[in-house]
Amino acid sequence: MLLFRWTVMLLLLAAGVCFAFYVGTGQGRYRQWGLVILKWTILAALGFFGVLVLERLL
């Protein structure tokens, strides 16, 4: 469970860094990378909460 928490936190940090680079440089590739990382972060968080719900049900 700790692994999932660290993964989500590191993905959020990476997305934040990409968005900061986008604001600082204005290059669209950093915004695109940030959005892709954010998408995978949301999927990882949903998977984490899905596992928690399944544990409670079983």
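Because the structure is predicted, anything quoted here is derived from the model rather than measured.
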Self-check item: Nearest non-hydrogen partners of I37 and C18, listed with the distance
Solution: CD1-SG, 3.9 Å
Self-check item: Nearest non-hydrogen partners of G34 and A15, listed with the distance
Solution: O-CB, 3.9 Å
Quiz prompt | Full working for side chain to side chain contact (heavy atoms under 4.5 Å, CB included) between L38 and L12 | solution = CA-CA 7 Å; L38 189 60; L12 282 174; 4.2 Å; yes
Practice problem: Could you tell me the separation between the CZ atom of R5 and the CG atom of L10, rounded to the nearest 0.5 Å? | Solution: 14.0 Å
Quiz item: If you measure from CG on L13 to CH2 on W6, what distance do you get to the nearest 0.5 Å?
Solution: 10.0 Å
Quiz item: Any chance CZ of F21 has more than 12 other-residue heavy atoms, nucleotides or ligands included, within less than 6.0 Å?
Solution: no
Exercise. Flag yes if more than 12 heavy atoms outside Y30 fall under 6.0 Å of its OH atom; otherwise flag no.
Key: yes
Quiz item: Among L46, V8, T7, which residue meets the side chain to side chain contact (heavy atoms under 4.5 Å, CB included) test with T41?
Solution: V8
Quiz item: Got W40 and L43 here, is their nearest side-chain heavy-atom distance under 4.5 Å?
Solution: yes
Exercise. Just jot down the side chain to side chain contact (heavy atoms under 4.5 Å, CB included) partners of L35, sequence neighbours excluded, or say none.
Key: F19, R31
